[in-house]
Amino acid sequence: MKLDDISIAIISLIRAGAVFRFVYCMVRLQGAEEEQAQYRKRAKNTVLFYIVAESIWQIKDIVMYYYG
């Protein structure tokens with residue numbers, strides 16, 4: 001396996017995990033009246049994690065392009 005194959009697999013897992021986590025938080029947000037602030041914060045943190053994770057992979061691609 002090449003580094004690109006591993007990267008694609010990890011990116012797919014991160015994307016799928018972030019989507020499922022966000023959907024889970026949104027479903028729990030609708031059902032739990034007293035825990036709304038907690039699940040809203042978790043959903044926000046999930047979106048921030050996804051943005052940071054995608055940024056890291058883009059930086060990796062740029063570095064591999066210039067130095068690879």
Side-chain angles (χ1 to χ4, degrees):
M1 291 182 64
K2 292 184 178 181
L3 183 61
D4 290 334
D5 296 335
I6 295 170
S7 295
I8 291 170
I10 291 174
I11 290 170
S12 299
L13 287 173
I14 288 173
R15 287 177 180 164
V19 167
F20 286 130
R21 176 71 175 175
F22 184 77
V23 169
Y24 172 77
C25 288
M26 290 295 111
V27 169
R28 293 290 298 184
L29 186 63
Q30 291 178 354
E33 293 287 329
E34 58 277 347
E35 297 175 344
Q36 281 186 350
Q38 179 182 8
Y39 283 108
R40 188 173 293 121
K41 185 174 180 182
R42 287 181 182 176
K44 181 182 130 188
N45 287 340
T46 301
V47 171
L48 289 175
F49 166 76
Y50 178 74
I51 291 169
V52 169
E54 286 291 327
S55 299
I56 289 171
W57 290 112
Q58 294 302 319
I59 291 170
K60 183 214 60 109
D61 288 340
I62 291 170
V63 169
M64 293 298 285
Y65 175 76
Y66 283 118
Y67 298 111

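What you see is a predicted model, and the numbers here were worked out from it, not measured in a lab. Values below: every heavy atom of this structure, side chains too, minus hydrogens, waters and symmetry copies.
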**Fill in**
Distance col, row Tyr39:OH vs Met26:CE, nearest 0.5 angstrom, shows 11.5 Å
**Prompt:** With hydrophobic residues grouped by side-chain heavy-atom distances under 4.5 Å, do Val52 and Ile14 end up in a single group?
**Reply:** no
**Message:** For Arg21 versus Thr46, what's the shortest heavy-atom pair and its separation?
**Reply:** CG-OG1, 3.3 Å
**Asked** When clusters are formed by joining ILVMFWY residues with side-chain heavy atoms under 4.5 Å apart, either directly or through shared neighbours, do Tyr65 and Trp57 land in the same one?
**Response** no
**Between OH on residue Tyr24 and CZ on residue Arg42, distance to nearest 0.5 Å** = 7.0 Å
**Request:** Report whether Ile51 and Phe22 are members of the same hydrophobic cluster (ILVMFWY, side-chain heavy atoms less than 4.5 Å apart, transitive linking).
**Result:** yes
**Message:** Within the 4.5 Å heavy-atom criterion, are Arg28 and Gln38 side-chain neighbours or not?
**Reply:** no
**Request:** To the nearest 0.5 Å, tell me how far Ile10 CD1 sits from Arg15 CZ.
**Result:** 12.5 Å
**Message:** Please say yes or no: joined through hydrophobic side-chain contacts below 4.5 Å, possibly via intermediate residues, are Ile59 and Tyr66 part of one cluster?
**Reply:** yes
**Prompt:** Roughly how far apart are Phe49 CZ and Glu54 CD, rounded to 0.5 Å?
**Reply:** 9.5 Å
**Complete:** OH of Tyr67 to CD1 of Ile62, rounded to nearest 0.5 Å, is 11.5 Å
**Request:** Would you kindly confirm whether Phe20 and Val23 end up in one hydrophobic cluster when ILVMFWY residues are joined by side chain heavy atoms under 4.5 Å apart?
**Result:** no
**Prompt:** Is atom NZ of Lys41 surrounded by more than 12 heavy atoms (other residues, nucleotides or ligands) closer than 6.0 Å?
**Reply:** no
**Item:** Distance, nearest 0.5 Å, that separates CD1 of Ile8 from CG of Leu13
**Value:** 12.0 Å
**Validation row: Val19, Tyr50 side chains within 4.5 angstrom (heavy atoms)** = no
